[in-house]
S.K.: 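The structure is given below, and queries will be raised subsequently.
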Amino acid sequence: MKTFYRCVWGMMVSLLCGVGQANADSSSLDSIQTLGEVMVTANRYNEVIPSQKLTGKELKALNSFSVADAIRYFSGLQIKDYGGVGGLKTVNIRSMGTNHMGVYYNGIQLGNAQNGQVDLGKFSLENIEEISLYNGQKSEIFQSAREFGSAGSIYLTTRRPKFKPGEKSHLKASVKAGSFDLLNPSVLFEYKLSETVSMTFNSEWINSSGKYKFRYRRVTPSGETAYDTTATRKNGDIDAVRFEGGLQGYLPNGYWKAYVYHYSSERGIPGAIVNNVWRNGERLWDRNSFVQGVYQQDITRKYGIKVNAKYAFDYTHYMNNDDKLMRVDNQYKQREVYVSVANKYSIFRNWDVSVAYDMQWNGLSEYMSADRYTHWISAATAFSLADRLKMQASVLATLVDEKASGQVKAPNKSKVTPAVFLSYQPFKKYNWVFRAFYKQIYRMPTFNDLYYADMGNSVLKPESATQYNVGFTYAVAPKTGFLSGFHAGADVYYNLVSDKIIAYPKGQQFRWTMLNLGKVDIRGVDVQATATFRLPYEISLMTKVQYTYQEAIDITSPRDNYYCDQIPYIPWHSGSAILNLSYDDWSLNYSFVYVGERYNQQENIEYNYVQPWYTSDISLVKSFRIKSVNLKVTAEVNNVFDQAYDVVLNYPMPMRNYRFGIAIEL
């Protein structure tokens with residue numbers, strides 16, 4: 001497999017470099033859309049629903065290797081990271097669990113009916129133009145019905161080609177190398193087929209031994225040190241290749257886009273370290289492919305239509321050869337067919353309504369066989385008054401039909417969930433905006449929850465949740481003076497989850513044990529602030545901080561030992577900070593992430609206590625221009641202070657490590 005990928009990679013680089021050389025005189029780095037000064041925007045005042053965004057230049061300023069690394073700087077999120085380049089990386093929002101988070105790639109949701117988790121480590125930042133996070137739902141009623149059904153949403157938007165007059169193509173080639181024997185070359189090619197149609201192609205190869213130093217230290221409840229070892233993490237290797245291609249075109253009052261994606265990998269799973277013993281018998285092979293299309297157009301001045309379609313195929317092969325554990329050799333094949341039609345009608349200039357219908361089929365075969373047919377029907381309305389009072393309301397009906405072979409199937413389900421959103425700007429002169437929302441959501445158990453051997457439960461109850469949020473934002477952009485821009489926001493929220501399903505690692509990383517906690521009470525505060533400054537000698541400075549406080553407690557039964565205890569892996573305090581200093585062609589970036597104390601089990605006792613951790617990353621970027629060629633060189637130091645920490649207990653993270661990169665654009 002490695003030899004084949006290297007050959008394919010070599011042919012692609014040779015081909016694209018030849019095309020790029022032919023267009024070197026008419027293509028340059030400046031052909032890409034020029035972004036403004038570095039700024040992480042959060043909860044912009046003109047949106048009804050709270051949002052946080054990272055865009056092109058801001059993403060490049062972070063020491064982020066994948067999407068999972070970048071979204072650590074959003075408030076209200078919790079990341080589960082099992083370590084290394086190839087380690088599983090999942091996310092949940094405001095302690096509600098991974099399955100309540102919708103992840104959308106170019107507007108269509110990424111799915112995994114088997115376990116409900118999207119591994120964000122599979123998605124590179126090389127071709128990402130923007131990452132957006134919405135609490136509740138996207139601030140737009142002209143969307144698919146399914147988009148109304150998540151507690152929060154992450155939108156990943158790939159780069160859209162933009163050409164100057166006379167340009168026909170762009171080419172970017174880059175390579176990163178660093179600790180853990182990392183080698184990561186990539187190629188991006190864009191071509192203008194006509195004035196309204198363009199194509200893109202992006203590919204990368206990731207290869208790493210995954211070997212990194214870590215410190216394993218465990219202290220008994222009595223305070224004695226049981227283990228204190230410095231060792232090398234093994235069996236964390238990865239060999240992965242990703243291909244993406246797209247066609248996009250503009251229509252009168254609309255656009256269309258077709259996209260194809262393929263990811264293939266082989267990786268080791270180093271497993272948990274327990275009692276100073278670690279095993280290395282697990283391997284995982286993934287093949288994930290999908291093809292999707294979007295068509296959107298305003299048919300008349302008042303009526304618009306949007307159509308989404310997708311077909312996805314996922315293959316997973318999991319093997320455990322550890323002779324001290326049960327031998328496993330399982331293969332899973334998932335298929336997904338998805339179609340959506342959304343309609344919007346403008347009753348008046350300030351009043352819109354929409355209706356959407358989505359249908360999705362999920363099929364799982366090989367180790368276990370199950371089918372699920374899901375229908376979503378939504379109706380929504382949006383109203384504004386003098387652009388100062390904005391309201392949105394929606395209602396979503398979800399209908400689920402289950403089928404299973406060789407076992408008892410889960411009962412069919414149906415649920416109606418409403419949502420209401422409001423924002424108000426009391427002073428026209430000042431950008432103070434107050435907002436609030438209420439939303440009910442509903443999510444089905446996954447195929448693993450229902451049917452997996454030894455832990456599946458076909459009568460497992462779905463999760464239901466209710467969200468409340470109240471917050472405000474303030475923004476100012478002085479035209480003169482030391483301060484060039486300031487934005488701040490805060491939200492107070494309350495979530496009540498019934499029949500909550502929690503997933504824990506069970507010996508091996510790929511397998512889970514499922515548990516219904518019953519009821520969880522979640523209260524929290526998110527605070528963000530961003531400021532940009534004008535310094536002497538044309539130096540610019542951007543600073544951004546965010547802080548989250550969360551209390552997520554189990555209130556199922558007063559008879560439980562863990563009644564009113566914080567649920568596993570949710571810290572009370574967490575936060576991050578970003579600083580970017582720019583001068584001419586130089587850029588110095590510093591980022592900091594902090595996660596406070598947590599517990600790894602339901603009972604909040606000393607034995608289950610997990611210490612706080614923090615990391616600091618620094619990068620230096622220098623850009624050059626040689627005739628029509630633009631060159632960028634990057635040097636990074638991650639975990640500068642050599643912090644030893646676990647995001648998930650017994651899965652140690654890398655200590656100090658380095659990464660270097662060079663990129664050429666024609």
S.K.: Establish, from distance only, whether the side-chain atoms of Y311 and E336 form a donor-acceptor pair under 3.5 Å.
M.R.: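 E336 and Y311 do not have a side-chain donor-acceptor pair below 3.5 Å.
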S.K.: Between N92 and S95 (side chain of the first, backbone of the second, donor and acceptor by atom type, cut-off under 3.5 Å), is there such a pair?
M.R.: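 Here the side-chain-to-backbone pair exists.
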S.K.: Considering only heavy atoms from C-beta outward, does the side chain of V395 approach that of V416 to under 4.5 Å?
M.R.: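 Side chain of V395 against side chain of V416, heavy atoms only: contact under 4.5 Å found.
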S.K.: Looking at Y104 versus Y155, is the centre-to-centre ring distance below 6.0 Å?
M.R.: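 Here the rings of Y155 and Y104 have centres that are less than 6.0 Å from each other.
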S.K.: Are side-chain heavy atoms of D286 and L284 found at a separation under 4.5 Å?
M.R.: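 Sidechains of L284 and D286: in contact.
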S.K.: When the ring centroid of F472 is compared with that of W432, is the distance short of 6.0 Å?
M.R.: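 F472 vs W432: aromatic centres under 6.0 Å.
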S.K.: Looking at N135 and I93, what are the two nearest heavy atoms and their distance?
M.R.: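 It is OD1-CD1, 2.7 Å.
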S.K.: I want to check a possible cation-pi pair here: R94 against Y493, using under 6.0 Å from ring centre and within 45° of the ring axis as the test.
M.R.: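 Relative to the ring axis of Y493, which defines the angle, R94 lies inside both limits.
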S.K.: Tell me whether the guanidinium CZ or amine NZ of K310 lies under 6.0 angstrom from the six-membered ring centre of F290 and within 45° of its axis.
M.R.: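 So K310 does make the cation-pi contact.
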S.K.: Can a donor-acceptor pair be found, under 3.5 Å and without considering hydrogens, that links the side chain of K439 to the backbone of G136?
M.R.: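 It does hold such a pair.
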S.K.: Charged N to carboxylate O below 4.0 Å: is that the case for D314 and R335?
M.R.: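 R335 and D314: not salt-bridged.
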S.K.: So do Y494 and L496 actually touch side chain to side chain, heavy atoms under 4.5 Å?
M.R.: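 They are in side-chain contact.
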S.K.: Whether the H375 and Y357 side chains hold a donor-acceptor pair (N or O, under 3.5 Å, no angle test) is what I'd like checked.
M.R.: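 There is such a pair between these side chains.
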S.K.: Please check: side-chain N/O of N412 versus main-chain N/O of E402, any donor-acceptor pairing under 3.5 Å?
M.R.: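 Judged by distance alone, yes, a pair lies under 3.5 Å.
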S.K.: Consider only side-chain N and O atoms of S346 and W351, and report whether a donor and an acceptor are under 3.5 Å apart.
M.R.: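 The answer is no; no qualifying pair exists.
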S.K.: How would you list, by chain and number, every residue that makes a side-chain contact (heavy atoms from CB on, under 4.5 Å) with A436, sequence neighbours excluded?
M.R.: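 Result, side-chain contact (heavy atoms from CB on, under 4.5 Å) vs A436: V470.
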S.K.: Taking atom OG1 of T398 and atom CE of M444, what is their separation to the nearest 0.5 Å?
M.R.: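 The OG1 atom of T398 sits 10.5 Å away from the CE atom of M444.
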S.K.: Where does the angle between the aromatic ring planes of Y105 and Y261 fall among parallel (under 30°), tilted (30 to 60°) and perpendicular (over 60°)?
M.R.: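 Rings of Y105 and Y261: perpendicular, as their planes differ by over 60°.
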S.K.: Can any side-chain N or O of R388 pair as donor or acceptor with the backbone N or O of Q425 at less than 3.5 Å?
M.R.: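 Yes.
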S.K.: Any cation-pi pair here, R146 with Y338, using under 6.0 Å and within 45°?
M.R.: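 Geometry flag: set, cation within 6.0 Å and 45°.
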S.K.: Keeping the roles fixed (side chain from S153, backbone from Q137), state whether a donor-acceptor pair exists under 3.5 Å.
M.R.: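 No; judged by distance alone, with no hydrogens or angles, the pair does not exist.
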S.K.: Taking S75's backbone N and O only, do any of them form a donor-acceptor pair with Q52's side chain (distance below 3.5 Å, no angle check)?
M.R.: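 Yes; at least one donor-acceptor contact below 3.5 Å.
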S.K.: Would you say I154 and M101 make side-chain contact, with heavy atoms under 4.5 Å?
M.R.: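 In contact.
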S.K.: With heavy-atom distances below 4.5 Å as the criterion, would you say the side chains of V492 and N469 are in contact?
M.R.: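 They are not in contact (no side-chain heavy atoms under 4.5 Å apart), so the answer is no.
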S.K.: Find out whether M391 and L389 are in side-chain contact, i.e. whether some heavy atom of one side chain is under 4.5 Å from a heavy atom of the other.
M.R.: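 Result yes, sub-4.5 Å side-chain heavy-atom pair found.
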S.K.: Cationic tip of R242 within the cone over Y263's six-membered ring, i.e. under 6.0 Å and within 45° of the normal?
M.R.: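 Cation-pi check for R242 and Y263: fails.
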S.K.: Look only at the side chain of Q297 and the backbone of I299, and say whether a donor-acceptor pair between them is shorter than 3.5 Å.
M.R.: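 Side chain of Q297 to backbone of I299, a donor-acceptor pair under 3.5 Å: no, none is there.
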S.K.: Between the side chain of E463 and the main-chain N/O of V497, is any donor-acceptor distance below 3.5 Å?
M.R.: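 Such a contact is absent between E463 side chain and V497 backbone.
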S.K.: So, K344 side chain and V355 main chain: donor-acceptor pair closer than 3.5 Å or not?
M.R.: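 Checked: no pair found.
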S.K.: Taking the side chain from S289 and the backbone from F313, do they hold a donor-acceptor pair closer than 3.5 Å?
M.R.: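 No, S289 side chain to F313 backbone: no donor-acceptor pair under 3.5 Å.
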S.K.: So do the side chains of K390 and F383 get within less than 4.5 Å of each other, counting heavy atoms only?
M.R.: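 Counting from C-beta outward, K390 and F383 never come under 4.5 Å.
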S.K.: What pair of heavy atoms forms the shortest contact from G107 to N308, and how long is it?
M.R.: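 For G107 versus N308, the nearest heavy atoms are O-ND2, 4.1 Å.
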S.K.: Please find the pair of heavy atoms, one from A356 and one from S144, that lie closest to each other, and give the distance.
M.R.: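 Nearest pair, atom of A356 first, then S144: CB-C, 4.2 Å.
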S.K.: Just do the salt bridge (charged side-chain N to carboxylate O under 4.0 Å, His left out) check on K403 and D401 with the steps written out, would you?
M.R.: CA-CA 7 Å; K403 294 183 179 180; D401 182 11; 5.2 Å; no
S.K.: Do F189 and F201 have ring centroids that are under 6.0 Å from one another?
M.R.: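 That pair fails the under 6.0 Å test.
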S.K.: Starting from the C-alpha separation in whole Å, work towards a yes-or-no answer on salt bridge (charged side-chain N to carboxylate O under 4.0 Å, His left out) for D499 and K519.
M.R.: CA-CA 6 Å; D499 301 313; K519 290 186 177 181; over 6 Å; no
S.K.: Determine the minimum heavy-atom distance between A70 and I131, stating which atoms define it.
M.R.: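 Nearest pair, atom of A70 first, then I131: CB-CD1, 4.0 Å.
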S.K.: Check residues 248-257 and write down every donor-acceptor pair under 3.5 Å in which the side-chain atom is one partner and the other belongs to a residue at least two apart or another chain.
M.R.:
from, atom 1, to, atom 2, distance (Å)
Q248, NE2, S198, O, 3.2
Q248, NE2, S198, OG, 3.3
K257, NZ, T158, OG1, 3.2

S.K.: Hey, what do you get for OG1 (T473) to CG (N431), rounding to the nearest 0.5 Å?
M.R.: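 Answer rounded to 0.5 Å: 8.0 Å.
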